Engineer: 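Sharing a structure, written as structure tokens. Questions coming.
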Amino acid sequence: MKKVKEQTISKRIACIFNYPSHYRANIFLKMEKSLGCDFYFGNIEEGNIKKIDPKLFTNPIHYLKTIKLFSGVSWIKGMTSVLFKKKYNTYILTADPFILSNWIFLLLNIPLKNKIYLWGHGWYGREGKIKAIIKTIFFKLSNGIFLYGNYAKELMEAEGFNPNKLHVIYNSLDYDSQLKIRETLQPSSIFQDVFKNDYPVIIFTGRLTPVKQIDLLIEAHYLLHKKDIKVNVFLLGDGPEKEMLQALVKKKGLDKQYCFYGACYDENKIGEFYYNANVCVSPGNVGLTGIHAMSYGCPVIAHNNFPNQMPEFEAIKEPINGLFFEEGNAEDLSICISKFIDLSKNRENIRTECFNVIDSYYNPNYQINLLKKVILT
């Protein structure tokens with residue numbers, strides 16, 4: 001332990017990220033405690049993502065002004081002043097080549113020879129030639145890249161990146177709190193009370209927006225209904241498409257099998273919903289919804305067009321904790337749902353498989369251990 005403390009002092013670390021996302025608070029707090037990190041955040045809003053409460057940290061949080069230059073391109077004002085403070089010799093930046101201040105930071109650092117790591121998506125697999133060239137130059141200016149998944153690592157290796165500089169750090173939510181909730185959960189009649197039947201339950205959580213493609217889920221449900229396969233659908237979230245989706249459900253004659261629950265921020269209640277549902281379906285990109293669901297033992301169905309997916313798709317291990325359907329194909333989605341209804345007869349084992357992938361990789365303990373291994377050695 002003494003050796004780690006000495007290393008932490010010598011490795012003065014500044015993290016400069018584009019936004020203080022609340023869901024990353026757990027890993028950031030561990031980084032502050034174990035690595036002595038200072039945090040600098042840009043202030044561009046990222047959708048509806050809640051900001052971290054700065055009072056959670058021991059040291060002050062620093063906020064930098066983000067300037068939107070044009071579509072998808074921005075500048076974080078004050079980044080270079082952090083570089084020239086000479087207070088730090090190791091930096092972790094958001095791995096976004098379209099934050100132009102990142103380029104200046106990396107280039108100015110060449111003669112200074114501080115260590116700079118990038119943290120983000122890396123490669124998606126849908127990069128055109130020009131974007132691939134830009135990304136290649138950008139990433140190779142760093143000492144290493146922390147990636148959200150193995151899929152990106154494999155793509156980058158194929159592009160000629162040194163695999164020793166590619167570190168898969170995955171992603172995480174509030175694992176410690178969710179683990180405590182998980183330990184209290186048990187099967188309940190929560191959905192029987194809502195639907196007044198004991199049909200299998202599909203759950204979706206998130207904003208009801210076009211990108212989520214809830215209409216595809218409704219169409220898949222309708223195809224199951226025509227085959228006399230009975231399921232309920234529980235929609236946990238609100239959004240601009242709610243009325244349209246309710247009208248579509250009524251038109252299909254499925255309104256008795258739907259619950260538009262609305263937004264919910266009670267994590268205990270969310271845990272109970274996930275734990276008792278048969279499967280979580282994410283017709284659009286799955287993202288952290290998949291991690292949230294599996295944290296409470298709920299398997300996940302998501303589409304199979306990986307270049308269009310978020311990196312968390314690879315938490316799904318067919319068929320033990322989820323399935324992939326053909327993107328945009330309601331018939332194939334209905335088949336996957338039907339398969340998982342049958343698989344759900346072994347619900348306890350499925351819960352265990354969901355827990356295993358979260359406990360092994362998608363948690364801040366795994367992340368902090370990797371960060372220590374890479375940065376402190």
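As the structure is a prediction and not an experimental result, all values here were calculated from the model. What you see below is based on every heavy atom in this structure, not just the backbone, and it leaves out hydrogens, waters and symmetry mates. The residues of the chain are indexed from 1 along the displayed sequence.
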Engineer: With heavy-atom distances below 4.5 Å as the criterion, would you say the side chains of L35 and L376 are in contact?
Structural biologist: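 They are in contact (side-chain heavy atoms under 4.5 Å apart), so the answer is yes.
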
Engineer: If hydrophobic clusters are built from ILVMFWY residues whose side chains come within less than 4.5 Å, do F234 and I229 share one?
Structural biologist: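 No; tracing contacts between hydrophobic side chains, which count when under 4.5 Å, never links both residues.
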
Engineer: Quick one: list whatever passes side chain to side chain donor-acceptor pair (under 3.5 Å) with Y91, sequence neighbours left out.
Structural biologist: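 Not a single residue meets the side chain to side chain donor-acceptor pair (under 3.5 Å) criterion with Y91.
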
Engineer: Flag this pair as yes if the NZ/CZ of R24 is under 6.0 angstrom from the six-membered ring centre of F28 and inside a 45 degree cone about the axis; otherwise no.
Structural biologist: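 No, cation not above the ring by the 6.0 Å, 45° rule.
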
Engineer: How long is the span from the CZ atom in F204 to the OG1 atom in T289, to the nearest 0.5 Å?
Structural biologist: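 Between atom CZ of F204 and atom OG1 of T289 there are 6.5 Å.
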
Engineer: Establish whether L100 and I67 are linked, either directly or via other cluster members, by ILVMFWY side-chain heavy-atom contacts under 4.5 Å.
Structural biologist: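 Linked within one cluster.
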
Engineer: For a 4.5 angstrom cut-off between non-hydrogen side-chain atoms, does W75 reach I104?
Structural biologist: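 The answer is yes; the side chains approach within 4.5 Å.
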
Engineer: Could you list all the salt bridge (charged side-chain N to carboxylate O under 4.0 Å, His left out) pairs where at least one residue sits in residues 316-341, not counting sequence neighbours?
Structural biologist: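 The answer is K227-E331.
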
Engineer: Return yes if a side-chain donor-acceptor contact under 3.5 Å exists between T205 and Y274, otherwise no.
Structural biologist: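 Yes - a donor-acceptor pair under 3.5 Å links their side chains.
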
Engineer: Can Y199 be reached from I335 by stepping across I, L, V, M, F, W or Y side chains whose heavy atoms are under 4.5 Å apart?
Structural biologist: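 No, I335 does not connect to Y199 through the hydrophobic network.
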
Engineer: Check whether any side-chain heavy atom of K131 sits under 4.5 Å from a side-chain heavy atom of R126, and report yes or no.
Structural biologist: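 With C-beta onward as the side chain, the pair stays apart.
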
Engineer: I'd like to check the salt bridge (charged side-chain N to carboxylate O under 4.0 Å, His left out) partners of D228; sequence neighbours left out, ordered by chain and number.
Structural biologist: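 For D228, the residues satisfying salt bridge (charged side-chain N to carboxylate O under 4.0 Å, His left out) (neighbours in sequence not counted) are K230.
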
Engineer: I need the full list of salt bridge (charged side-chain N to carboxylate O under 4.0 Å, His left out) pairs touching residues 154-171, with sequence neighbours left out, sorted by first then second residue.
Structural biologist: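 Residue pairs passing salt bridge (charged side-chain N to carboxylate O under 4.0 Å, His left out), neighbours aside: K153-E157.
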
Engineer: Applying salt bridge (charged side-chain N to carboxylate O under 4.0 Å, His left out), run through R12 and D38 and close with a yes or a no.
Structural biologist: CA-CA 9 Å; R12 295 164 298 169; D38 286 341; over 6 Å; no

Engineer: Run through F139, F17, F146 and flag the one making a ring-ring contact (aromatic ring centres under 6.0 Å, His included) with Y117.
Structural biologist: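 Looking at F139, F17, F146, the match for Y117 under the ring-ring contact (aromatic ring centres under 6.0 Å, His included) is F146.
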
Engineer: Between L343 and I350, which heavy-atom pair has the shortest distance, and what is it?
Structural biologist: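 Nearest heavy atoms, L343 then I350: O-CD1, 3.3 Å.
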
Engineer: With rounding to the nearest 0.5 Å, note down the distance linking CH2 in W103 to CE in M79.
Structural biologist: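 Nearest 0.5 Å value for the CH2-CE distance: 13.0 Å.
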
Engineer: Side chains of E312 and H292: is there a donor and an acceptor less than 3.5 Å apart?
Structural biologist: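 Short answer, no.
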
Engineer: Side-chain donor-acceptor contacts of residues 245-261 below 3.5 Å, not counting sequence neighbours, with atom names and distances?
Structural biologist:
{"residue": "K252", "atom": "NZ", "partner": "E219", "partner atom": "OE1", "Å": "3.0"}
{"residue": "Y258", "atom": "OH", "partner": "H221", "partner atom": "ND1", "Å": "3.0"}

Engineer: Please name the pair of heavy atoms, one in A220 and one in S334, separated by the smallest distance, quoted to 0.1 Å.
Structural biologist: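 Of all heavy-atom pairs spanning A220 and S334, the closest is O-CB, 3.5 Å.
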
Engineer: Roughly how far, to the nearest 0.5 Å, is the OH atom of Y366 from the OG atom of S172?
Structural biologist: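 Answer rounded to 0.5 Å: 12.0 Å.
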
Engineer: Flag the pair V279 / V300 as yes when at least one side-chain heavy-atom distance between them is below 4.5 Å, and no otherwise.
Structural biologist: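 Of all side-chain heavy-atom pairs linking V300 with V279, none is under 4.5 Å.
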
Engineer: In the single-linkage hydrophobic clustering (I, L, V, M, F, W, Y; side-chain heavy atoms under 4.5 Å), do M156 and Y170 co-cluster?
Structural biologist: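 Linked, M156 and Y170 end up in one cluster.
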
Engineer: Any heavy-atom pair between the side chains of M31 and C15 that's under 4.5 Å?
Structural biologist: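 Answer yes - side chains close enough.
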
Engineer: Using the ring-ring contact (aromatic ring centres under 6.0 Å, His included) definition, which of the options F161, Y151, F306 pairs with W123?
Structural biologist: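 Checked F161, Y151, F306 against W123; only one passes ring-ring contact (aromatic ring centres under 6.0 Å, His included): F161.
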
Engineer: Within a 6.0 Å radius of atom CZ on F84, are there more than 12 heavy atoms belonging to other residues, nucleotides or ligands?
Structural biologist: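 Buried by this count: over 12 neighbours within 6.0 Å.
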
Engineer: Classify the side-chain pair N356/S360 by whether it contains a donor and acceptor separated by less than 3.5 Å.
Structural biologist: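 No, because no side-chain N or O of N356 sits under 3.5 Å from a partner of the opposite role on S360.
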
Engineer: Is any side-chain heavy atom of T94 closer than 4.5 Å to one of I16?
Structural biologist: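 No; the side chains remain at least 4.5 Å from each other.
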
Engineer: Return the CD1 to OG distance between I27 and S34, rounded to the nearest 0.5 Å.
Structural biologist: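 One gets 8.5 Å once the value is rounded to the nearest 0.5 Å.
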
Engineer: Nearest 0.5 Å, please: how far is CG in L83 from CZ in F105?
Structural biologist: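 Nearest 0.5 Å value for the CZ-CG distance: 4.5 Å.
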
Engineer: Would you indicate whether I130, at its atom CD1, is surrounded by more than 12 heavy atoms from other residues, nucleotides or ligands within a distance under 6.0 Å?
Structural biologist: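 Incorrect, the count does not exceed 12.
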
Engineer: Decide whether N285 and H303 meet the rule of one side-chain donor and one side-chain acceptor closer than 3.5 Å.
Structural biologist: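 Result is yes, a qualifying pair exists.
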
Engineer: Over all heavy atoms of both residues, which pair between G78 and S81 is shortest? Give the atoms and the distance, please.
Structural biologist: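 Closest approach of G78 to S81: O-OG, 2.6 Å.
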
Engineer: Measuring only between side-chain heavy atoms, which start at C-beta, is N197 closer than 4.5 Å to Q192?
Structural biologist: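 SC-SC contact between N197 and Q192 ruled out.
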
Engineer: Let me check something: do L323 and I202 share a hydrophobic cluster, defined by ILVMFWY side-chain heavy atoms less than 4.5 Å apart, either directly or through other members?
Structural biologist: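 L323 clusters together with I202.
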
Engineer: Roughly how far, to the nearest 0.5 Å, is CD1 of I291 from OH of Y362?
Structural biologist: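 Here the interatomic distance stands at 5.0 Å.
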
Engineer: Looking at T80 and L108, what are the two nearest heavy atoms and their distance?
Structural biologist: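 Shortest heavy-atom contact: CG2-CD1, 3.7 Å.
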
Engineer: Any chance NZ of K85 has more than 12 other-residue heavy atoms, nucleotides or ligands included, within less than 6.0 Å?
Structural biologist: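 Atom NZ in K85 is crowded, with more than 12 foreign heavy atoms closer than 6.0 Å.
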
Engineer: Which pair of heavy atoms, one from S188 and one from N276, lies closest together, and at what distance?
Structural biologist: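 Looking at all heavy atoms of both residues, the closest pair is N-OD1, 2.7 Å.
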
Engineer: Hey, could you give me each pair passing salt bridge (charged side-chain N to carboxylate O under 4.0 Å, His left out) that has a residue in residues 166-186? Not counting sequence neighbours.
Structural biologist: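 Passing the test, one end in residues 166-186: K30-D176, R182-D359.
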
Engineer: Whether the T209 and E241 side chains hold a donor-acceptor pair (N or O, under 3.5 Å, no angle test) is what I'd like checked.
Structural biologist: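 No donor-acceptor contact under 3.5 Å links the two side chains.
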
Engineer: If you define the side chain from C-beta out and look only at heavy atoms, does anything of H167 sit under 4.5 Å from L147?
Structural biologist: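 No. Closest side-chain heavy atoms not under 4.5 Å.
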
Engineer: How close do P364 and L173 get, heavy atom to heavy atom, and via which atoms?
Structural biologist: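 In terms of heavy atoms, the two residues are closest at CD-O, 4.4 Å.
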
Engineer: Starting from the C-alpha separation in whole Å, work towards a yes-or-no answer on ring pair (Phe, Tyr, Trp, His ring centres under 6.0 Å) for Y296 and Y275.
Structural biologist: CA-CA 5 Å; Y296 295 119; Y275 190 85; 8.5 Å; no

Engineer: Out of the candidates L93, T90, I110, I92, only one should pair with I116 under the side-chain contact (heavy atoms from CB on, under 4.5 Å) rule; please name it.
Structural biologist: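 When side-chain contact (heavy atoms from CB on, under 4.5 Å) is applied between I116 and each of L93, T90, I110, I92, only L93 qualifies.
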
